[in-house]
Amino acid sequence: MIRRLLQVLLCCLCFNAHAGEMRLVYPQYFTVQDSTGDFDWIVLHAAMEKTAARFGPYKLSPSKEPLSVARLLAEMSYPEGSINVFARATDLELEKKFTPIRIPIDRGLMGMRLLVVRKDDLPRFAAIRTIDELKRLSAGQGQGWIDTDVLGAAGISVVVAPRPDALYAMLEAGRFDFFPRALDEASREFDMQHKTRPSITIEPTLMLRYPLPRYFFVRHDAEGDKLAARIRAGMEMMVQDGSLAALFRQYKGPLIERASIGKRHIIDLPNPLLPPETPLQRSELWFRP
């Protein structure tokens with residue numbers, strides 16, 4: 001009898017603890033630098049749905065206005081900032097400032113890079129097979145992008161643009177030689193750009209590859225701890241029941257097929273910015289073409 005009363009009391013306490021609505025506000029992104037954003041929030045919504053029975057109701061909504069990378073990081077640094085969750089490729093500094101949920105949202109696809117180049121330069125790239133050969137050319141990147149350090153560590157000269165939406169114009173103008181974009185970003189952005197910039201194209205013979213997981217991040221505080229526990233639980237459920245892989249195939253599959261990875265020469269680069277806690281040993285978390 002006493003055990004039964006304790007069970008009822010525990011259920012009531014759990015219900016009351018979860019009765020409040022959990023609110024998540026994520027950043028709207030600008031166009032070029034974060035064209036992967038929609039998939040992030042589809043996955044986050046699915047993770048929250050998976051955990052509704054355990055954690056209770058929630059509300060997921062975007063920020064009132066688009067935020068640059070610098071602005072979203074600033075907003076996350078304030079306890080009362082306008083957002084409380086964001087998605088970004090990880091590095092050591094980011095994991096010191098915020099709490100990562102160490103399950104790659106896109107199964108590591110962000111670290112697979114196609115090269116957007118000028119059409120006139122295609123013969124130069126067709127002859128490249130090693131990192132030493134690639135180092136003779138320069139890459140373009142946005143200010144604050146983690147890839148800048150990855151490419152720089154490999155000895156590639158990088159031209160950094162304060163305004164990421166100017167990178168395609170800079171490539172066209174010859175300010176640098178190639179613009180590495182994640183496999184799923186490259187095709188989408190090319191479709192938007194090629195009519196107004198007919199001189200650029202996606203290079204068909206090469207792909208850069210380096211480990212670059214994209215995680216959800218929350219604040220280092222009590223609210224962040226609760227959000228992290230729920231998001232982590234939901235994503236682990238998605239990994240185990242196959243729904244994360246299913247979403248990946250649904251939204252990324254056509255772009256992967258279009259990239260024709262099997263016809264490309266892959267140049268692997270190290271990522272010196274990865275924290276030691278990165279779950280590289282969990283093969284079920286990563287896309288391996």
Charged tip of Arg107 within 45° of Phe248 ring normal and under 6.0 Å:
yes
For residues Leu227 and Ile42: do they belong to one hydrophobic cluster (side chain heavy atoms under 4.5 Å, members Ile, Leu, Val, Met, Phe, Trp, Tyr)?
yes
Side chains of Leu67 and Leu73, heavy atoms from C-beta outward: is any pair under 4.5 Å?
no
Gly224 backbone acceptor or donor facing Asp221 side chain under 3.5 Å
yes
Let's go through Asp268 and Arg209 carefully: what are the C-alpha distance in whole Å and the side-chain angles of both, what is the deciding distance for salt bridge (Lys or Arg N to Asp or Glu O under 4.0 Å) to 0.1 Å, and is it a yes or a no?
CA-CA 5 Å; Asp268 284 301; Arg209 181 171 63 187; 2.7 Å; yes
Do Ile266 and Met112 belong to the same hydrophobic cluster, where Ile, Leu, Val, Met, Phe, Trp and Tyr are linked whenever their side-chain heavy atoms lie under 4.5 Å apart, directly or via other members?
yes
Applying side chain to side chain contact (heavy atoms under 4.5 Å, CB included), can you list everything that pairs with Arg129, at least two apart in sequence or on another chain?
Glu133, Thr205, Leu206, His265
Heavy atoms only: give me the nearest Ala46-Leu247 pair and the separation to one decimal.
CB-CD1, 4.1 Å
Does CD in Glu257 sit with more than 12 non-hydrogen atoms of other residues, nucleotides or ligands closer than 6.0 Å?
no
Parallel, tilted or perpendicular, as decided by the 30° and 60° cut-offs, for the rings of Phe179 and Trp145
parallel
Which residue pairs pass the salt bridge (Lys or Arg N to Asp or Glu O under 4.0 Å) test with at least one member in residues 61-85, sequence neighbours excluded?
Glu65-Arg71, Arg71-Glu75
Is there any salt bridge (Lys or Arg N to Asp or Glu O under 4.0 Å) pair reaching into residues 135-159, and which pairs are they, with sequence neighbours excluded?
Arg113-Asp147, Asp132-Lys135
Starting from Met76, can I reach Met22 by hopping between I/L/V/M/F/W/Y residues whose side chains sit under 4.5 Å apart?
yes
Donor-acceptor pair, Glu185 side chain versus Ala182 backbone, under 3.5 Å?
yes
So if I apply the side-chain hydrogen bond (donor to acceptor under 3.5 Å, both in side chains) rule between Arg214 and each of Asp106, Asp40, Thr90, which one comes out positive?
Asp40
Check the hydrophobic clustering (I, L, V, M, F, W, Y; side-chain heavy atoms under 4.5 Å; chains of links allowed) and say if Leu269 and Val160 are grouped together.
yes
Phe217: ring-ring contact (aromatic ring centres under 6.0 Å, His included) partners, not counting sequence neighbours:
Phe86
Answer yes or no: is there a side-chain heavy-atom contact under 4.5 Å between Ile267 and Met207?
no
Regarding Glu93 and Lys96, does a basic nitrogen lie under 4.0 Å from an acidic carboxylate oxygen?
yes
When hydrophobic residues are tied together by side-chain contacts of less than 4.5 Å, even through go-betweens, does Leu255 share a cluster with Val116?
no
Quick one: do the Glu95 and Tyr215 side chains pair a donor with an acceptor below 3.5 Å?
no
Is a side-chain N or O of Arg54 found less than 3.5 angstrom from the main chain of Ala233, in a donor-acceptor match?
no
Side-chain donor or acceptor of Arg181 paired with backbone N/O of Arg188 under 3.5 Å
no
Are any side-chain N or O atoms of Lys119 and backbone N or O atoms of Pro198, one a donor and one an acceptor, separated by less than 3.5 Å?
yes
Is a donor on one side and an acceptor on the other found under 3.5 Å between the side chain of Thr148 and the backbone of Gly144?
no
Partner residues of Glu172 under the side chain to side chain donor-acceptor pair (under 3.5 Å) criterion, sequence neighbours left out
Arg197, Ser199
Heavy-atom donor-acceptor pair, His45 side chain to Trp41 backbone, under 3.5 Å:
no
Got a donor-acceptor contact below 3.5 angstrom from the Arg23 side chain to the Tyr58 backbone?
no
Which residues pass the salt bridge (charged side-chain N to carboxylate O under 4.0 Å, His left out) test with Arg232, sequence neighbours left out?
none
Determine whether a donor-acceptor pair (N or O, by modelled atom type, separation under 3.5 Å) exists between the side chain of Ser187 and the backbone of Asp184.
no
